[in-house]
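First the structure, in the form of structure tokens, and then the observations on it.
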2 protein chains.
Amino acid sequence: MLSNACKYAIRAILYLAIHSDETTKIGVKKIAEELETPQPFLAKLLRQLTSNKLVSSTKGPGGGFFLDKNNKEKSIWDVICCIDGTHKFDKCFLGLSKCSDKNPCPVHSTVSPFKKKILNEFRDKTISKLVEEIEVEGTVISLKGFDLK
Amino acid sequence: MLSNACKYAIRAILYLAIHSDETTKIGVKKIAEELETPQPFLAKLLRQLTSNKLVSSTKGPGGGFFLDKNNKEKSIWDVICCIDGTHKFDKCFLGLSKCSDKNPCPVHSTVSPFKKKILNEFRDKTISKLVEEIEVEGTVISLKGFDLK
DNA sequence: CACAAAAAAGACAAAACGATCTTTTTTATT
DNA sequence: AATAAAAAAGATCGTTTTGTCTTTTTTGTG
């Protein structure tokens, strides 16, 4: 479905959304440990996210990554577009370039409704809203080891 | 979502389901041309499908690939398992190994219902049933060039 | 200022995926 | 028996993805 890179990126953003803010910055090392992801690889992804304004960062001692207000108004969809590209969800399930609602492939009617719904959910919900829901529902989870908090 | 290999394989099976039977066998060359897929690559995939009993074949002049009755009772899901592996649809969207209904990741509730439904559709519907539906609905499409028939 | 902590940048390596090419085996036909 | 058509088998190659490593830049602190 998504690339590894994209999965790491989403988890990192959610981690930052929960644990960081303008005054609490977090270094790659810490993030990679908590998420159990390869550290240098994650560093590269964070750079990409930073240069696309999805994450903020400061250098030097006490520096690190964090989400500011603008960053928290972004969506999961923005992250997917940034890492995996825009066409992750609009491509035909069977890879046919001309598949569409009007000219459907044999599985279009099965797959298309779900893709549309998921796309909408990911596109319309901000990171901050998503984190809020997670916390309200009590389903907050440490992304490390995956234990309930 | 699916690998290229798997997309080619599904299209090839559907093509064979529509155009072949025990007495009408089709060679790789023809199939690859019709589906506009790389020929040697498709040949390798057809071998894999054949050795897994999803497709039948005979060698020699007049030989080729076709679907027999058993083959037509298989499902799209069988094809996906054969080419991309069993875990294509049961893995967590964020790649977390321990994600489940009881221990959900932050996007589990969004993604999970859709994955389950699609999985069921692909698993429960036989190739022959699928082709039947396609033909009844009049949405039969040549997989080449993707024009309505 | 010197130092150390951190991100930024980019070169490099390994594995998976996509695709091609050549050779071998089987088999129908003449 | 010879030939040719077809799948089977497997060696090879290029690209993308995944991941590591080293160097540079920035910046806060003693």
Side-chain angles (χ1 to χ4, degrees), chain A residues 1-12 16 20 22-33 35-68 71 80 82-85 87-88 91 95, chain B residues 1-12 16 20 22-33 35-68 71 80 82-85 87-88 91 95:
Chain A
M1 186 73 97
L2 300 180
S3 68
N4 272 358
C6 198
K7 291 171 185 169
Y8 296 159
I10 293 173
R11 289 166 60 201
L16 287 173
S20 81
E22 277 88 345
T23 61
T24 316
K25 299 158 189 176
I26 310 178
V28 204
K29 202 182 162 204
K30 169 79 171 166
I31 304 174
E33 274 169 11
L35 302 184
E36 292 176 314
T37 59
Q39 210 230 76
F41 192 46
L42 184 63
K44 201 191 273 187
L45 294 171
L46 285 169
R47 249 177 283 153
Q48 197 175 337
L49 293 171
T50 302
S51 70
N52 283 278
K53 315 276 184 199
L54 296 176
V55 165
S56 304
S57 71
T58 58
K59 288 180 173 184
F65 295 94
F66 63 99
L67 300 194
D68 66 16
N71 301 145
I80 294 174
C82 177
I83 305 292
D84 277 356
H87 296 293
K88 202 72 194 189
K91 276 191 298 189
Chain B
M1 186 75 93
L2 301 179
S3 67
N4 271 0
C6 198
K7 291 172 186 170
Y8 296 159
I10 293 174
R11 289 166 61 202
L16 288 172
S20 82
E22 276 87 347
T23 61
T24 317
K25 299 158 190 176
I26 310 178
V28 204
K29 202 182 160 204
K30 170 80 171 167
I31 305 174
E33 273 168 13
L35 302 184
E36 294 178 312
T37 59
Q39 211 230 74
F41 191 45
L42 184 63
K44 200 190 276 185
L45 294 171
L46 284 168
R47 248 178 284 154
Q48 196 176 338
L49 293 170
T50 302
S51 70
N52 282 278
K53 314 276 184 199
L54 297 177
V55 165
S56 304
S57 71
T58 59
K59 288 182 173 184
F65 296 94
F66 63 99
L67 300 194
D68 66 16
N71 301 144
I80 295 173
C82 177
I83 305 292
D84 277 355
H87 297 292
K88 202 72 195 190
K91 274 191 300 191

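Note that the coordinates shown come from a computational prediction; the quantities given were computed from them, not determined experimentally. In what follows, every chain begins at residue 1, and chains take the letters A, B, ... in the order their sequences are listed.
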Over all heavy atoms of both residues, which pair between [X] and [Y] is shortest? Give the atoms and the distance, please.
| X | Y | answer |
| --- | --- | --- |
| A:Leu45 | A:Ala5 | CD1-O, 3.4 Å |
| B:Lys88 | B:Ile80 | CB-CG2, 4.0 Å |
| B:Phe66 | B:Lys25 | CD2-CG, 3.4 Å |

Measuring from [X]:[atom1] to [Y]:[atom2], what's the distance to the nearest 0.5 Å?
| X | Y | atom1 | atom2 | result |
| --- | --- | --- | --- | --- |
| B:Ile31 | B:Ile26 | CD1 | CD1 | 5.5 Å |
| A:Ser56 | A:Asn71 | OG | CG | 3.5 Å |
| A:Phe65 | A:Arg47 | CZ | CZ | 8.0 Å |

Practice task
Could you tell me whether a side-chain N or O of A:Gln48 sits under 3.5 Å from a main-chain N or O of A:Ile83, the two making a donor and an acceptor?
Solution key: no
Exercise for the section: Report yes or no: does B:Thr58 contribute a side-chain atom to a donor-acceptor pair with the main-chain N or O of B:Gly63 at less than 3.5 Å? Expected result: no
Exercise for the section: Return the angle between end axes of the helix from C:dC1-D:dG30 to C:dT30-D:dA1, with five pairs used per end and rounding to 10°. Expected result: 10°
Practice task
Determine whether more than 12 heavy atoms belonging to other residues, nucleotides or ligands lie under 6.0 Å from atom NZ of A:Lys30.
Solution key: no
Problem - NZ (B:Lys91) with more than 12 external heavy atoms under 6.0 Å - result: no
Handout entry: Side-chain donor/acceptor of A:Lys44 to base of D:dG19, under 3.5 Å
Key = yes
Within the structure shown, what part of the strands sits under 4.0 Å from [X] by heavy-atom distance: base, sugar-phosphate, or nothing?
| X | value |
| --- | --- |
| B:Ile26 | sugar-phosphate |
| B:Pro40 | base |
| A:Ser51 | nothing |

Practice task
Taking only the side-chain heavy atoms of B:Phe41 (C-beta and beyond), determine which of D:dT20, C:dA8, C:dT20 contains the nearest atom.
Solution key: C:dT20
Fill in the blank from the handout: Side-chain contact check for B:Phe65: nearest option of D:dT18, D:dA7, C:dA7 is D:dA7
Can you tell me how far [atom2] of [N] sits from [atom1] of [X], to the nearest Å?
| X | N | atom1 | atom2 | answer |
| --- | --- | --- | --- | --- |
| A:Tyr8 | D:dT20 | OH | C1' | 13 Å |
| B:Lys25 | C:dT26 | NZ | C1' | 13 Å |
| B:Leu46 | D:dA9 | CG | C1' | 14 Å |
| A:Leu35 | D:dG19 | CG | P | 14 Å |
| A:Leu45 | D:dT17 | CG | C1' | 11 Å |
| A:Asn4 | D:dG19 | CG | C1' | 10 Å |
| A:Asp84 | D:dT18 | CG | C1' | 13 Å |
| B:Gln39 | D:dA8 | CD | P | 13 Å |

Could you write out each protein N or O paired with an N or O of nucleotides 24-30 of chain D at a distance under 3.5 Å?
{"residue": "D:dT26", "atom": "O4'", "partner": "A:Lys59", "partner atom": "NZ", "Å": "3.3"}

Practice task
Using a cut-off of strictly less than 4.0 Å, decide whether A:Ser57 has a side-chain nitrogen or oxygen near OP1 or OP2 of C:dA8.
Solution key: yes
Practice task
Tell me which of A:Arg47 and B:Gly27 sits closer to the 5' end of DNA chain D, going by the nucleotide each one is nearest to.
Solution key: B:Gly27
